[in-house]
Amino acid sequence: MSSPFPRLTADEAAALIQDRDVIGFSGFTPAGAAKAIPRALAARARAEQAAGRPFKVGVITGASTGPSLDGELARANAVLFRTPYQSDPDLRKRINAGEVQFFDMHLSMLPQAVRYGFLGRMKFAVVEACEVFPGGEIVLTTSVGASPTFCHTADKVIIELNRAHSPALRGFHDIYEPRDPPHRREIPVFSVRDRVGSPVVTIDPSRIAGIVETNLPDECGKFEPPSDVTRRIGLNVAEFLAGERRRGTIPSPFLPIQSGVGDIANAVLAAMGEHPEIPPFEMYSEVLQDAVFKLLRSEKLLFASTTAVTVSREMNREFLDNLDFYRRRIVMRPQEISNHPEVIRRLGIISINAAIEADVFGNINSTHVLGKSLMNGIGGSGDFTRNAFISIFVCPSLQKGGKISTIVPLVSHADHSEHSVQVIITDQGIADLRGKSPHERANLIADRCAHPDFREALRRYVDHTRDGQTPQSLGRAFAFHEQFLRTGDMRGADVG
């Protein structure tokens, strides 16, 4: 079938974009991220800047992306602002140096903010697809993210038609966008398996500015095998959930699981898959990682709803070679739906997310090192944590070879308050905070989650202040952090 859309090179597509344009790029993690045009755009930025002309663009994506997008644009100093989430080391350096303005957002809120115009007028959407039809139907690749909203909102759409992805991906996606207030209705997702939208994104064909053909695989990350620490965290999570099922808090058929991204998340899911008291379950999550596909193959995982397939290169090949098998077991949704508070609350999701640090009262820092340097962003953890049936945060008890305690008197940056956090689990143990006062929480977290090297110091801190609802000492709350800044080691902090 001949295409009515102009065929462009990546350089020709980049030439359409002007200084200070706001661009919506596909991608939720490196999965489904635009790759060729961002690289060409970075080259254009370097050329313009070398000629003495300014060239930076506003960059909006679904979440983080790959090095061909965030990395290339950051190294070219071509990013005016960035939202809602990132994980690229070069971009992180520029953000923390104050050279890129970054605003952290709950991922469920991004599409609505784009539609309302809160982030400026979107001039172009640059979206990866595996197939495009003359009528304006676009088949996305390995993520949905916020791509439907970008396509419907931007003045013009440029498509990277990526031949590395089979058109047989059609049927994995369930594209549904809610109406905006005051006309919004309920999100009609009543089970993990419900499909409520279309397999394609459909736009007016006249808004497609051109197609750039590519053959570029997703820039897959590498996951480390479980370590002793991550394995113990996984076992503690699995045992906690099995115990909740034994006492009837979790119904016997179980509840859907949401899991964050990374090596700890893989270890947790692997432990759940091996635990004899956890029955086959479903997932309603943002991202599917390697462990998910192993669980699907073993039939310990029955079905998974996601917005992106983010796997290692080996597992990506397994996925693409067995699309018919996974088509019956996976659905990919827009992040506005996968992370929607209404659906999370309705389905009774059990959320499991990672923390950078937790304090003895249950507050969580997910985003900043020592309170000021951004790591990645809040992502979707807040969407799930605030609305989950049970919200769990996990982290190792120690970092930096034992010099840093992840359990501290007071978090240096707060992303999730004690009101949203129900359970904290480390390699040391489990602190179930439900129904506990601040004094009870403080002792429980110090005793069960902190490493023995820091446990006594945390107990002294809690005992230092006897009066008040929350035993907090404003003068010593950051003693751990100040000790680290002075000496490079939190041990020996003067907490009172």
Side-chain angles (χ1 to χ4, degrees), residues 96 104 106 233 353-379 381-382 385-386 391-400 402-496:
N96 287 324
D104 205 1
H106 296 296
I233 294 171
N353 289 287
I356 290 177
E357 63 181 2
D359 67 32
V360 291
F361 306 107
N363 301 295
I364 297 292
N365 171 13
S366 294
T367 60
H368 284 71
V369 176
L370 295 173
K372 68 175 186 177
S373 295
L374 180 77
M375 180 58 69
N376 297 329
I378 196 169
S381 58
T385 294
R386 290 177 301 164
S391 65
I392 302 170
F393 275 92
V394 295
C395 59
S397 59
L398 295 176
Q399 294 281 21
K400 296 290 183 184
K403 296 179 180 180
I404 290 178
S405 171
T406 60
I407 307 299
V408 295
L410 183 67
V411 290
S412 58
H413 177 93
D415 293 293
H416 311 283
S417 80
E418 61 190 274
H419 307 293
S420 301
V421 180
Q422 297 176 349
V423 184
I424 295 175
I425 298 177
T426 71
D427 51 293
Q428 298 298 314
I430 302 163
D432 184 349
L433 309 178
R434 293 171 293 180
K436 301 292 192 299
S437 71
H439 284 264
E440 292 172 318
R441 282 172 168 243
N443 286 305
L444 191 65
I445 293 171
D447 288 345
R448 298 192 180 176
C449 293
H451 191 273
D453 289 355
F454 291 92
R455 201 169 288 159
E456 184 57 36
L458 290 166
R459 288 182 182 134
R460 288 201 312 273
Y461 176 79
V462 173
D463 291 341
H464 182 77
T465 305
R466 295 286 185 178
D467 60 335
Q469 164 68 1
T470 300
Q472 191 69 270
S473 169
L474 297 182
R476 300 180 186 273
F478 296 115
F480 278 28
H481 301 91
E482 290 174 346
Q483 174 76 357
F484 183 81
L485 290 172
R486 284 192 302 269
T487 69
D489 194 326
M490 284 185 176
R491 289 171 292 194
D494 180 11
V495 295

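What you see below is based on every heavy atom in this structure, not just the backbone, and it leaves out hydrogens, waters and symmetry mates. Not measured: the values here are computed from a predicted model.
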Passes side-chain contact (heavy atoms from CB on, under 4.5 Å), D494 versus R476? Steps please.
CA-CA 8 Å; D494 180 11; R476 300 180 186 273; 3.2 Å; yes

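- For the atom pair D463 CG and S473 OG, the distance stands at 12.5 Å (nearest 0.5 Å).
- Put simply, the side chain of D415 gets close to the backbone of T367: a donor and an acceptor are under 3.5 Å apart.
- Expressed to the nearest 0.5 Å, how far CD of Q483 lies from CZ of R491 amounts to 10.5 Å.
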If you apply the rule ring-ring contact (aromatic ring centres under 6.0 Å, His included), what do you find for F480 with Y461, and how did you get there?
CA-CA 11 Å; F480 278 28; Y461 176 79; 8.0 Å; no

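- A donor-acceptor pair under 3.5 Å is absent between the side-chain atoms of R434 and the main chain of Q422, judged by distance alone.
- Rounded to the nearest 0.5 angstrom, I233 CD1 and I430 CD1 are separated by 11.5 Å.
- Judged by distance alone, with hydrogens and angles left aside, the side-chain atoms of Q428 form no donor-acceptor pair with the main-chain N or O of H451 at under 3.5 Å.
- Residue Q472 comes nearest to A477 through the heavy atom pair OE1-CB, 3.9 Å, listed as atom of the first residue, atom of the second, then distance.
- For the pair T385 and S391, the tightest heavy-atom approach, listed with the atom from each and the gap, is O-CB, 3.7 Å.
- Taken to the nearest 0.5 Å, the CG atom of D432 stands 7.5 Å off from the CG atom of L444.
- Rounding to the nearest 0.5 Å places CG of L410 at 7.5 Å from CZ of F361.
- Between V360 and I407 there is a side-chain heavy-atom pair separated by less than 4.5 Å.
- At distances below 3.5 Å, not a single donor-acceptor pair connects side-chain atoms of D359 with backbone N or O atoms of V408.
- A355 approaches C395 most closely through the heavy-atom pair O-CB, 3.4 Å.
- Expressed to the nearest 0.5 Å, how far CD of E357 lies from CG of L370 amounts to 7.5 Å.
- Of all the heavy atoms in T426 and R448, the pair that sits closest is OG1-O, 4.4 Å.
- With N96 contributing its side chain and S373 its backbone, the two residues share no donor-acceptor pair below 3.5 Å.
- No side-chain heavy atom of L398 sits under 4.5 Å from any side-chain heavy atom of D427.
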Go through it in stages, so that I can follow the logic: the residues are H416 and S366, the test is side chain to side chain donor-acceptor pair (under 3.5 Å), and I'd like the CA-CA distance, side-chain angles, deciding distance and then a yes or no.
CA-CA 8 Å; H416 311 283; S366 294; 3.2 Å; yes

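- Looking at D489 and K400, no side-chain N of the basic residue comes within less than 4.0 Å of a carboxylate O on the acidic one, giving no salt bridge.
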Go through it in stages, so that I can follow the logic: the residues are Q469 and H439, the test is side-chain contact (heavy atoms from CB on, under 4.5 Å), and I'd like the CA-CA distance, side-chain angles, deciding distance and then a yes or no.
CA-CA 8 Å; Q469 164 68 1; H439 284 264; 5.5 Å; no

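- Heavy-atom contacts from other residues, nucleotides or ligands closer than 6.0 Å to NZ of K403 number 12 or fewer.
- Smallest separation of non-hydrogen atoms from A358 and I364: CB-CD1, 3.5 Å.
- Closest heavy-atom contact between S412 and G371: OG-N, 3.0 Å.
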